[in-house]
*Asks:* 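Once you've had a glance at the structure underneath, I'll fire off some questions.
All chains are named by letter (A, B, ...) in the order of the sequence lines, taking the proteins before the strands, and each is independently numbered beginning at 1. These numbers were taken from a predicted model, which means no experiment stands behind them.
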There are 2 protein chains.
Amino acid sequence: MEENFENLYLENQLCFPLYAASRLTTKMYAPYLEDLDITYPQYLVLLVLWQYKEQSVSSIGQKLLLESNTLTPLLKRLEQKKLIIRKRSIKDERTVLISLTKEGKALKKKAVCIPEKIIKSFKTDKISLSEAIEFQKTLVKLMEGLKEKL
Amino acid sequence: MEENFENLYLENQLCFPLYAASRLTTKMYAPYLEDLDITYPQYLVLLVLWQYKEQSVSSIGQKLLLESNTLTPLLKRLEQKKLIIRKRSIKDERTVLISLTKEGKALKKKAVCIPEKIIKSFKTDKISLSEAIEFQKTLVKLMEGLKEKL
DNA sequence: TAAGATTAAATCGTTTGCGATGTAAATGTA
DNA sequence: TACATTTACATCGCAAACGATTTAATCTTA
């Protein structure tokens, strides 16, 4: 009985490069986010709020695929930094609504230059633009597919 | 002065789907790894040890892009589970060599079926095989490119 | 309307991930 | 050989992630 041990080789896995690329990408953002005094997951939450305005904890979670056990402490930290306001909904006391403070809104202007800088850093002689676009599409499809299965 | 706020839209970022896909993938492994009583990063370390035998902490770190601040506690947990042995090198007392116990080696047989199951779960009607192969290639190139820049 | 089910956040405990720093061994060099 | 530098891990503190559970509000339905 042949056992496919090669399947266990690191380079043959999809999971590892995904895990590594994700962590490396986060590190690429770090110096820019440090200037804004926020972390990468905090940045993602702000992206949501900049794009969609006031949101409940769960609707932020739906967009970022995170749950209250992760978001609640993170949001409390953003509140401490005076970037957001957390308040119970009057219509439904279970819901906590998150909105941006003036400082939180203002931070958007400082953040707007980040994607461009990141794209430049991403650019490699190894990866063409069309390849990158194709990659992004597949990545999103992969994410959607995985989301459905969990 | 036009400000490209659309660049900040969640769906236009590369970072977010990468981050989400990585986390979702880890979750796909969870039920299988639970059977082996290990976590996903612990699985990655075992993949290295199954493939390369005895390794120093730093050479494991080089392969997984992790440093001793992450690996040392993780390796101690694997040692507690009796899956690995940590011992100082005689040739260089600074180096800690990690080797598999009998149990650690035996676990490989239980793990060998995991990649296949994962691949099946990954398969989506949305993503073709050729697309998946292309994707993996680009992902690895991306990882390599990022690694060089950090 | 009262009891049970569902939902939204929060809390708890554990493991990662990582920047910064510490410690001890090995190496380089004057 | 002395002393500085480098290297390999370890330690510390903090912020995610996340499974499991709790709490309180809302909804269902009998």
*Asks:* Does D:dA8 have OP1 or OP2 under 4.0 Å away from a side-chain N or O of B:Ser56?
*Replies:* no
*Asks:* Would you say A:Val45 and A:Tyr52 are hydrophobically clustered, going by side-chain heavy atoms of ILVMFWY under 4.5 Å?
*Replies:*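 A:Val45 and A:Tyr52: one cluster.
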*Asks:* So which of residues 77-93 of chain A are in contact with DNA chain D, with a heavy-atom cut-off of under 4.0 Å?
*Replies:* A:Arg77, A:Lys91, A:Asp92, A:Glu93
*Asks:* Considering heavy-atom distances to DNA chain C, does A:Lys76 or B:Pro73 have its closest nucleotide positioned more toward the 5' end?
*Replies:* A:Lys76
*Asks:* Which is true for A:Gln42 with a 4.0 Å heavy-atom rule: it touches a base, it touches only sugar-phosphate, or it touches nothing?
*Replies:* sugar-phosphate
*Asks:* Does a side-chain N or O from A:Tyr19 land closer than 4.0 Å to OP1 or OP2 of C:dG17, or not?
*Replies:*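 Answer yes for this pair, as a side-chain N or O of A:Tyr19 is under 4.0 Å from OP1 or OP2.
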*Asks:* Specify the separation, in whole Å, of atom CG of A:Leu75 and atom C1' of C:dA8.
*Replies:*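 Value for this atom pair: 13 Å.
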*Asks:* Reckon A:Thr70 touches a base, only the sugar-phosphate, or nothing at all at heavy-atom distances under 4.0 Å?
*Replies:* base
*Asks:* For B:Glu67 and C:dT21, give me the distance from atom CD to atom C1', rounded to whole Å.
*Replies:*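 To the nearest whole Å, that distance equals 13 Å.
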*Asks:* So, does B:Thr39 get its side chain near the phosphate of C:dT16, meaning an N or O under 4.0 Å from OP1 or OP2?
*Replies:*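 Yes, B:Thr39 has a side-chain N/O under 4.0 Å of OP1/OP2 on C:dT16.
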*Asks:* With respect to the phosphate group of C:dA9, does any side-chain polar atom (N or O) of A:Ser58 fall under 4.0 Å of OP1 or OP2?
*Replies:*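 Looking at the OP1 and OP2 atoms of C:dA9, one of them is under 4.0 Å from a side-chain N or O of A:Ser58.
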*Asks:* One thing to verify: whether A:Lys108 and A:Glu103 come together as a salt bridge, which I'm taking to mean a side-chain N less than 4.0 angstrom from a carboxylate O.
*Replies:*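 Looking at A:Glu103 and A:Lys108, the cut-off is not met.
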*Asks:* Between B:Gln51 and B:Lys63, do the side chains contain an N or O donor and an N or O acceptor separated by less than 3.5 Å?
*Replies:* no
*Asks:* Under 6.0 Å between ring centres: does that hold for A:Tyr40 and B:Tyr19?
*Replies:* yes
*Asks:* Find the distance B:Glu34:CD to C:dT14:C1' and express it as a whole number of Å.
*Replies:* 14 Å
*Asks:* So does A:Ser68 get a side-chain nitrogen or oxygen closer than 4.0 Å to the phosphate oxygens (OP1/OP2) of C:dT11?
*Replies:*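 For A:Ser68, the contact criterion (side-chain N or O under 4.0 Å from OP1 or OP2 of C:dT11) is not met.
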*Asks:* Would you mind checking if B:Lys76 and B:Glu79 are paired as a salt bridge, meaning a charged N to carboxylate O distance below 4.0 Å?
*Replies:* no
